[in-house]
Amino acid sequence: MWTWSRERTLSPTRPADAAALERAAEILRAGGLVAFPTETVYGLGANALDPAAIARIYAAKGRPATNPLIVHVADVDAARQLAASWPRAAELLASAFWPGPLTLVVPKSAQVPDAATAGLAAVGLRVPAHPVALALLRAVGLPLAAPSANRSTELSPVTARHVARSIAERVDLILDGGPTSVGIESTVVDLTGARPRILRPGAIGAEAIERVVGPLDPRPAPAAARGAQLAPGQSERHYAPRARLVLAAEGDGRTGVLARATRARGEAVGLVTFGADLGVEADVVARLPREPRAAAARLYATLHDLDDDGCALVVVETPPRDPAWDAVRDRLTRAATP
Ligand code: AMP
Ligand code: MG
């Protein structure tokens, strides 16, 4: 059984919507699953202190048990309560970026069940910058473990409709807060080492973080922290549309040939560019902004649309090498068919 506020999006300032938030809080307190909007993507939330509720998240998503969850809290004080220690870098980054799309990985307190962290001794914490997410966190009075509200490896949802299409029958309630604004997942920063280290590039760039805490540990994140599935033979494909996704640079003739062959079979081809001419004939063309944050905001919505259009192949222009494009490049590289 599930309901979804189909009529209109929720607003915590509308008195009638307080009832929906209270219903969501009741479901969460009883160990159920509620999908809710954040500024990044829609989350699939459960009581982070309840191992049985957390197990439901993994089951609903088909997520490997080795991939830890981000725990969402209403404010910095709530975050500190879940941390065994709260380094100075956490204090500085939280005051600079929270509420916002930055996840801080810190040593976990005994209160946080191992189930939430995939057995790791550290927990990822974040205060989301979305009025519905914050209203829900306050109404429930509990930390909420929440990965993206989609089946594992699929594209992340940026509207309530995307959530419903992916996992409607596996959640108890979906709160509709309209399309998300940031449109891409949070940056994850590990604060358990000698220097802060980015485990997953995201909405907040490395440069902005370095301005607050100084030089980051430049080593790339270990595969496990990137959520890679470690079983042999399993690919790292993640954040992927149903269509086959191929990255292409200008002057790369092979994708033009691939696109022609696909269309010759009667299958639709989608094309996503940041402005380059890839020499690909496509049935549907989407142009993303040349500015990385604006492109990130449109990225998943565009790929969802191309899936809706029935594209079998989606050719995407390889994003620029510039670090400002790290998050978009990361998601596209991992969505690409190996
Ligand atoms: P998702 O829930 O799909 O947005 O993925 C959350 C990601 O955050 C994981 O794949 C990890 O990269 C990272 N993460 C969350 N919690 C931790 C943690 N305790 N330690 C290391 N990385 C984490
Ligand atoms: Mg995800």
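All ligand and atom numbering here is 1-based and tracks the order in the structure. Keep in mind the model is a prediction, meaning the values are calculated, not measured. Sequence positions, counted from 1, serve as the residue numbers for this chain.
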Checklist line | Neighbouring protein N, O or S atoms of the Mg ion (ligand 2), below 2.8 Å | finding: 1

Next item on the list: Examine the proximity of ligand 1 to Arg63 and report which part, side chain or backbone, both or neither, has a heavy atom under 4.0 Å away.
Entry: side chain

Item checked: N or O pair under 3.5 Å between Thr117 and ligand 1 -> no

Notebook entry, point to check: Can you list the atoms of ligand 1 that are under 4.0 Å from a heavy atom of Val123?
Noted result: 19 (N)

Notebook entry, point to check: Can you say whether the rings of Phe274 and Trp325 are parallel (under 30°), tilted (30 to 60°) or perpendicular (over 60°)?
Noted result: perpendicular

Next item on the list: Decide whether the shortest distance between a heavy atom of Lys108 and an atom of ligand 1 is less than 4.0 Å.
Entry: no

Item checked: Thr337 side chain to Arg244 backbone, donor-acceptor under 3.5 Å -> no

Note to self: Let me confirm one number: the CG-CZ distance from Asp326 to Arg321, rounded to the nearest 0.5 Å.
What the structure shows: 11.5 Å

Next item on the list: Go through ligand 1 atom by atom and flag the ones less than 4.0 Å from a non-hydrogen atom of Pro147.
Entry: 2 (O)

Next item on the list: Within a distance under 4.0 Å of any heavy atom of Leu199, pick out the atoms of ligand 1 and give their elements.
Entry: 21 (C), 22 (N)

Item checked: Contact (N/O only, under 3.5 Å) between Pro68 and ligand 1 -> no

Next item on the list: May I ask you to establish whether Arg334 and Tyr239 are in a cation-pi arrangement, using a distance under 6.0 Å from NZ or CZ to the six-membered ring centre and at most 45° from the ring axis?
Entry: no

Check: So, Glu210 and Arg195, do they make that salt bridge, N to O below 4.0 Å?
Finding: no

Item checked: Asn67 N/O under 3.5 Å from ligand 1 N/O -> yes

Notebook entry, point to check: Strictly by modelled atom types, are Ser186 and Thr103 linked by a side-chain donor-acceptor pair under 3.5 Å?
Noted result: yes

Notebook entry, point to check: Can we say Glu154 and Lys61 salt-bridge, meaning some charged N sits less than 4.0 Å from an Asp/Glu carboxylate O?
Noted result: no

Next item on the list: Any salt bridge (charged side-chain N to carboxylate O under 4.0 Å, His left out) involving residues 108-118? Give me the pairs, sequence neighbours left out, ordered by first then second residue.
Entry: Lys108-Asp114

Notebook entry, point to check: Can we say Arg200 and Asp330 salt-bridge, meaning some charged N sits less than 4.0 Å from an Asp/Glu carboxylate O?
Noted result: no

Note to self: Taking distance alone, with N or O pairs closer than 3.5 Å, would you say Arg200 contacts ligand 1?
What the structure shows: yes

Notebook entry, point to check: For Glu267 and Arg263, what are the C-alpha separation, side-chain angles and deciding distance, and is it a salt bridge (charged side-chain N to carboxylate O under 4.0 Å, His left out)?
Noted result: CA-CA 5 Å; Glu267 294 175 337; Arg263 298 184 83 201; over 6 Å; no

